[in-house]
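Single-structure report; data block below.
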Amino acid sequence: MNATNEIIVIGGGIIGLAIAVDLKLRGSSVTVLSRDFQQAASHAAAGMLAPYAEKIPPSSLLDLCLKSRWLYPEWVRKIEDLTGLDTGYHPCGILSLVYEKPSSLDDTWLDQESIKLYQSDLGLDVVGGWWYPDDGQVDNRKLVIALRQAAINLGVDLVEGVTVKAIQQQQHKVKSLLTSNGEYEAQTYILASGSWASQLLPIPVHPIKGQMAALRMPIDSDNIPPLQRILFGPQTYLVPRQDGRLIIGATSEKVGWKTGNTPDGLQTLLSRAIQLYPPLKDWPIEETWWGFRPGTPDELPILGTSSCDNLILALGHYRNGILLAPVTASLIANLVLQGKTDPLLNQFRDFRFSPKSSTNPIMLNSAAMPLTIFNGKNTQSELITPSDELVIAGRKFRSRLMTGSGKYANLDLMRQSIIASGSCIVTVAVRRVQTKAPGHEGLAEALDWSKIWMLPNTAGCQTADEAIRVARLGREMAKLLGQEDNNFIKLEVIPDAKYLLPDPIGTLQAAEQLVKEGFAVLPYINADPLLAKRLEEVGCVTVMPLGSPIGSGQGIKNAANIAIIIEESKIPVVVDAGIGTPSEASYAMELGADALLINSAIALAQNPSAMGQAMGMATVAGRLAYLAGRMPIKHYASASSPLTGTIG
Ligand SMILES: Cc1cc2nc3c(=O)[nH]c(=O)nc-3n(C[C@H](O)[C@H](O)[C@H](O)COP(=O)(O)OP(=O)(O)OC[C@H]3O[C@@H](n4cnc5c(N)ncnc54)[C@H](O)[C@@H]3O)c2cc1C
Ligand SMILES: CC(=O)[C@@H](O)[C@H](O)COP(=O)(O)O
């Protein structure tokens, strides 16, 4: 165990380093743990400080960006003074160029003739644009080097080449960090690990790849290069550095963690650049590279406190992390040291992705809802209101029915049945896919995983250790299918082959470990309210009590205990296993379950696709009935028609 620190920052990109320097300057003791400086987006970026050229509409994000741009000159001067190093800060202005004239023009618009006065030799397609004198650039590579040096000079403990493998939590607090360099403890932790944050916590941050290139600009007899201002065109920008390099950016690709420059990426990049400014076609290429922008579903950063009392989040800066570094550092340092959330941070809190929040939902496209027409209306799409979506670990799902993928006669039937059910979460047995067990060959290819959220499960594991190992494989499996940020695991620890009843102790042990490793754990349990509570306390994101043994079709045999779990749980309750008919599905939902998981009843029906649809409808019906509130039960009858005014 490393000595107890006051503050540990996870991630040594521009955001982590800027925060560490700010905290250290205010007297805190700070450690930064970071894996790889070269892999950081901060190294890959173009370094534009461009709130206007980026056309960020009036919003909290624009306010944040403008404040940061305003802080920039003073901030870089401080870093340069601390280190004697240049940061390449250059408020050179940005010329924003378009190929199509906008429909409404104000008096800042520059037409083709006027724009030539700002820059000659522009591409013939350029019809005009705008001049933003206050936007500018910093040389992000130089800046990060200077920030690292500043951190070292100030006495920040900068530990590089170390990977944080897990954030260990207990009772809503981070207890310690498991790293490739042993265990670290601190009073406060700041997560600033950019695109990789979702590997440690269930946070909706994902990589958006950008490919880049640098050319060497020629110079004239006075040593002046042809470009001195940034040119910001459609899907491309040219950033002339003061040392004569021209940075060309950037592609924007949702390809997960696929590294490397590609022929297609570079061709796109260079042809867009030549279209904007043709003379560069003859300039020598100096370097090509790529990086991962930390994207979020609403393209806003995630800043502020988290569900763990001593963990602060500073990530998801997407396209503007270089620009946003000074303001992020200042607001986060205030939050850590004074415990106050600045109103500027309000729109950026992580709880906007949580159940009670109505803004900016994370939408996962559901599989097609069953087209069931009653009175000419599509009942399902009308009846599920956006505010009634199922939310698990901050992720929203349109359907409350989860389905299994086993026991179908063939994969086509499985696919049709799942689509008919409207389910958008499908559980897959990791072990059976890995071993290509009968019915599981080709399963990965059979479903459209861009529409369906995979719920890997640890079926076939008899002990906690086995389940932990298989869960890790599950996470890799989801990644291979393009779900990089999928850290969900349906935890099954089942030593009993006859009734397939789960082992409560093994389940709790495995859940504790998997939560520490950053999994969103959905444990399958017997309907035991105390166990459900313990699992909630260790950080599971749902509990999944069984209705009756898996595959038995006996229905809901333990309604009283399930009702207690529902009453006591703060996390979603998913009734899993044993449901045999739509009426049983509806009953579980009427009890107040948040969701259901059904496999055998659909797969083994004579017409699985029709049964899938029926189960989907029953889930919706039960949910609506629960929300509507049932009538009271009475001992005696009470006539429906009025008794007054009856004849004779
Ligand atoms: C091609 C491209 C062009 C861009 N252009 C601009 C621009 O012009 N202007 C602008 O403002 N922004 C730009 N950006 C965005 C900007 O680069 C990012 O928003 C910003 O760098 C994010 O900084 P960060 O510190 O949060 O993340 P990063 O810079 O990615 O740093 C994260 C660090 O955390 C470390 N880490 C991750 N996981 C772990 C772990 N488990 N344990 C230990 N360490 C870990 C990583 O190794 C990395 O060093 C661009 C980005 C790209 C990719
Ligand atoms: C697929 C899966 O996870 C099952 O183990 C689950 O418990 C569903 O049970 P039924 O097959 O009884 O619906």
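Atoms considered below: every heavy atom in the structure, side chains included; atoms not considered: hydrogens, waters and symmetry mates. All ligand and atom numbering here is 1-based and tracks the order in the structure. Keep in mind that what you see is a predicted model, and the values were worked out from it rather than measured.
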Atom 25 (O) of ligand 1 - nearest protein heavy atom and its distance: Ile15 N, 3.1 Å

Less than 3.5 Å between some nitrogen or oxygen of Ala45 and one of ligand 1, yes or no? no

Please list, in number order, the atoms of ligand 1 under 4.0 Å from a heavy atom of Asn320. 10 (C), 11 (O), 12 (N)

Backbone or side chain, does any N or O of Ala44 fall under 3.5 Å from an N or O of ligand 1? no

Ser552 N/O to ligand 2 N/O under 3.5 Å: no

Purely on distance, is any nitrogen or oxygen of Ile322 under 3.5 Å from one on ligand 1? yes

Mind checking whether Gly291 has an N or O less than 3.5 Å away from an N or O of ligand 1? no

Is there at least one pair of N or O atoms, one from Ile10 and one from ligand 1, spaced under 3.5 Å apart? no

Nearest to atom 22 (C) of ligand 1, what protein heavy atom do you find, and at what distance? Pro294 CG, 4.0 Å

Does Glu584 reach the main-chain N or O of Gly580 with its side chain, forming a donor-acceptor pair under 3.5 Å? yes

Could you tell me whether the side chain of Ser423 and the main chain of Leu401 form a donor-acceptor pair under 3.5 Å? yes

Backbone or side-chain N or O of Ala41 under 3.5 Å from ligand 1 N or O: yes

Return a yes/no value for Ser405: is any of its N or O atoms, backbone included, closer than 3.5 angstrom to an N or O of ligand 2? no

Could you identify the single nearest non-hydrogen protein atom to atom 27 (O) of ligand 1 and state the distance to 0.1 Å? Gly194 CA, 3.6 Å

Proximity to ligand 2 by part of Asn599, non-hydrogen separation under 4.0 Å: both

For Ser34, is the nearest heavy atom under 4.0 Å from an atom of ligand 1? yes

Taking N or O atoms only and a 3.5 Å limit, does Pro549 qualify as a polar contact for ligand 2? no

Ile550, portion touching ligand 2 at heavy-atom distance under 4.0 Å: both

Just need the protein heavy atom nearest to atom 15 (C) of ligand 1, so name the residue and atom and give the distance. Tyr318 O, 3.0 Å

Per-atom filter on ligand 1: closer than 4.0 angstrom to a heavy atom of Phe292 are 53 (C)

Find all atoms of ligand 2 within a distance of less than 4.0 Å from any non-hydrogen atom belonging to Thr427, and give their numbers and elements. 1 (C), 3 (O)

Against ligand 1, does Asp36 come closer than 4.0 Å with any heavy atom? yes

Geometric N/O contact Arg293 with ligand 1, under 3.5 angstrom: no

Heavy atom of the protein closest to atom 46 (C) of ligand 1 (residue, atom name, distance): Gln39 OE1, 3.2 Å

Ligand 2 atoms in contact with Gly551 (distance to a heavy atom under 4.0 Å): 10 (P), 11 (O), 12 (O)

Would a distance-only check, ignoring hydrogens and angles, find a side-chain to backbone donor-acceptor pair under 3.5 Å from Lys490 to Thr427? no

Run the contact test for Gly47 against ligand 1 with a 4.0 Å cut-off on heavy atoms, strictly below, and give the result. yes

Non-hydrogen atom of Val162 closer than 4.0 Å to ligand 1: yes

Would you check whether Arg319 has a nitrogen or oxygen atom less than 3.5 angstrom from a nitrogen or oxygen atom of ligand 1? yes

Answer yes or no for Glu492: is there a heavy-atom contact with ligand 2 below 4.0 Å? yes

Would you check the N or O atoms of Gln211, main chain and side chain alike, for any that come under 3.5 Å of an N or O of ligand 1? no

In terms of atom number and element, which parts of ligand 1 are under 4.0 angstrom from non-hydrogen atoms of Tyr237? 3 (C), 5 (N)

Option of least heavy-atom distance to atom 34 (O) of ligand 1 (set: Gly11, Ala166, Gly249, Ala18): Gly11

Geometric cation-pi criterion, Arg141 with Trp289: 6.0 Å, 45°: yes

Which ligand 2 atoms does Ser600 reach within 4.0 Å, using its non-hydrogen atoms? 10 (P), 11 (O), 12 (O), 13 (O)

Applying a 4.0 Å heavy-atom criterion (strictly less than), which segment of Trp290 is in contact with ligand 1: side chain, backbone, both, or neither? neither

Suppose we measure from atom 42 (N) of ligand 1 to each protein heavy atom; which comes out shortest, and what is that distance? Val164 N, 2.8 Å

Identify, for atom 8 (C) of ligand 2, the protein heavy atom at the shortest distance, and state residue, atom and that distance. Asp576 OD1, 3.4 Å

Distance-only N or O hit between ligand 1 and Ala40, under 3.5 Å: no

How are the rings of Trp196 and Trp257 set relative to one another: parallel (under 30°), tilted (30 to 60°) or perpendicular (over 60°)? parallel

